[in-house]
Amino acid sequence: MIRLENVVKHYRTTEAVNGVTLTINKGEIYGIIGYSGAGKSTLIRMINLLEKPTSGKLYVNEIDLLGLSPKELRLQRRKIGMIFQHFNLLSNKTVFDNVAFPLKIAKVKKDIIHNRVTELLNLVGVSSKANHYPSELSGGEKQRVGIARALANNPEVLLCDEVTSALDPETTKQILNLLKTINEKFGITIVLISHEMAVVKEICHRVAVMEKGKIIEEGLVISLFTSPQTKTAQNFVKQITDLNGDVLEDEKLKVKYPEGILVKLQYINDNVEKPLISSLVKMFDIDVNILQGKIIPTSNGSYGLLYVQLTGNDLSQAIKHLEKQGIEVKRID
Ligand SMILES: Nc1ncnc2c1ncn2[C@@H]1O[C@H](COP(=O)(O)OP(=O)(O)OP(=O)(O)O)[C@@H](O)[C@H]1O
Ligand SMILES: [Mg+2]
C-alpha cells in the first residue's frame, strides 16, 4: 500500500530522514515511534509530499508519487487524509464548513456535500456542533472534526501526526477508539506517529522505532514488548511495563525476598489466561508467591509480566515446565 525506498530528506543543516525503507500494508494501523527530533513528522509528511524527499522512491498504491504531474498529484493526494496534533482547523469557518472545505475544493456538488458532511459529523460524533466555530470546541471535539475533514474525500490512507498529544488520557482513548473503528469499518490504512508507547500499544498492529532519521527496529507491537532489540525500543517498552506505584526494583526484591529464587516471567497470548500458577503448585513440590505484575493488551495479543518467588524442592523442574509452555523465565540474582 505504502512503500518507501531509501527515502532521504536533508534540510540545509539537518539530515532529518536518513534513508528509510518501509512497507505498510493495506488495512494496517502502522505506528512510528521515536523521540523528539527523530524525523517522524518529516517522514510522515513525505508520504503525501507535503515535504519533497531529497532522494529515494515513494509509492502509494503502486503509484510513484514523485513521477506525477502537479495535477495528477493533486488527485492522488485526495486519497491520503491527514490529521495533526494541533488540529489545524480553519478558525473563521464553522465545523460544518471545515469538513465541507476539501469537498468544495474537489468541486463536489452542493447537495452531495451536505449529505456527506452530515454523515461524517455523525460518524465522528459532533453533529450537534455543526454550526459552532472551532474556538467553541474542546480538544477532543476539534480532533473529531479534524478526522471528519480528513475523511471527506474517502481517502484510502490516513496519516496521523501526534494526534492525541494535546489531549488528556481519557479523550486520547476515545480518539484512538474512533481511529480503530474507522480502520475496521472502512479498511483505511492508518499511519500513526507518536512518542508514547501507550498510544502505539492501544491500536497499532506493527510499529517502527525511529531514531536520528532512521528506522532502527520494526515489527509486531507484541514483539516489541517481548524482545525489544535496541536500547531506544527498550526504553519505549518500559513506559508501559514499568510497574509504577508500590513496586520494587530487582535489587530491592532480592533483599526483601531472600528465600528460594525470584523469577521474572514474560508471556504472550493465551498463556496469560492459563491458570499457570495454580497448576505449577499442583504439579511440583513448590510454593509460588506472586510479588507484582502486569498484563498489557495489544492488537496482536496480550503481554504478561509477572514477578514471582519460588520456594520448595522442585525449583528447576518447575522452571523447565514454565519454559516448555513458551514462558520466558528470567532469574533475578
Ligand atoms: N523545515 C525544516 N527546516 C529545517 N530543519 C527541519 C525542518 N523540519 C524539521 N527539521 C529538523 O529535522 C529534524 C527532524 O524533525 P521532525 O520534526 O521530523 O522530528 P519529530 O520526530 O517529528 O520530532 P517531534 O517529536 O518533536 O515532533 C529536527 O532536527 C528538525 O530540527
Ligand atoms: Mg513531529
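Both counts, for ligands and for their atoms, begin at 1 and track the order of listing. Everything numeric here is computed off the predicted structure, so don't read it as measured data.
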* Asked: Checking side-chain hydrogen bond (donor to acceptor under 3.5 Å, both in side chains) for the pair T232/E211: CA distance, chi angles, key distance, verdict?
  -> CA-CA 8 Å; T232 304; E211 190 169 71; 2.5 Å; yes

* To do: Determine, using the 4.5 Å side-chain heavy-atom cutoff (strictly less than), whether L159 and L167 are members of one ILVMFWY cluster.
  => no

Is [Y] close to [X] at the side-chain level, that is, under 4.5 Å between some pair of heavy atoms?
| X | Y | answer |
| --- | --- | --- |
| N235 | T230 | no |
| L58 | R3 | no |
| V17 | M210 | yes |
| K185 | L123 | yes |

Who's the nearest protein heavy-atom neighbour of [atom], and how far?
| atom | result |
| --- | --- |
| atom 25 (O) of ligand 1 | K40 NZ, 2.7 Å |
| atom 7 (C) of ligand 1 | Y11 CE1, 3.2 Å |
| atom 18 (O) of ligand 1 | T42 OG1, 2.5 Å |
| atom 26 (O) of ligand 1 | S36 OG, 2.5 Å |

* Asked: Heavy atoms of the protein only: does one fall short of 4.0 Å from atom 4 (C) of ligand 1?
  -> yes

* **Heavy-atom protein neighbour under 4.0 angstrom from atom 31 (O) of ligand 1** => no

* **Residue and atom names of protein N/O/S atoms that fall under 2.8 Å from the Mg ion (ligand 2)** => S41 OG

* To do: From the options G39, A16, S165, G37, select the one whose nearest heavy atom is closest to atom 23 (O) of ligand 1.
  => G37

* Closest to atom 17 (O) of ligand 1 among G213, S194, S41 (heavy-atom distance) -> S41

Supply the atom-to-atom distance [X] [atom1] to [Y] [atom2], rounded to the nearest 0.5 angstrom.
| X | Y | atom1 | atom2 | answer |
| --- | --- | --- | --- | --- |
| I2 | E62 | CD1 | CD | 11.5 Å |
| T54 | Y11 | OG1 | OH | 8.5 Å |
| I175 | E202 | CD1 | CD | 13.0 Å |

* Asked: For ligand 1, is there an atom lying under 4.0 Å from some heavy atom of G34?
  -> no

Nearest heavy-atom pair of [X] and [Y]: which atoms, and what distance?
| X | Y | result |
| --- | --- | --- |
| P155 | I80 | CB-N, 4.0 Å |
| N98 | V145 | CB-CG1, 4.3 Å |
| G146 | I83 | O-CG2, 3.3 Å |

* Would you mind telling me if ligand 1 is within reach of the side chain of T14, the backbone, both or neither, using heavy atoms under 4.0 Å? => side chain

* Asked: Under 3.5 Å, N or O to N or O, is E51 touching ligand 1 that way?
  -> no

* **ligand 1 atoms in contact with Y35 (distance to a heavy atom under 4.0 Å)** => 21 (O)

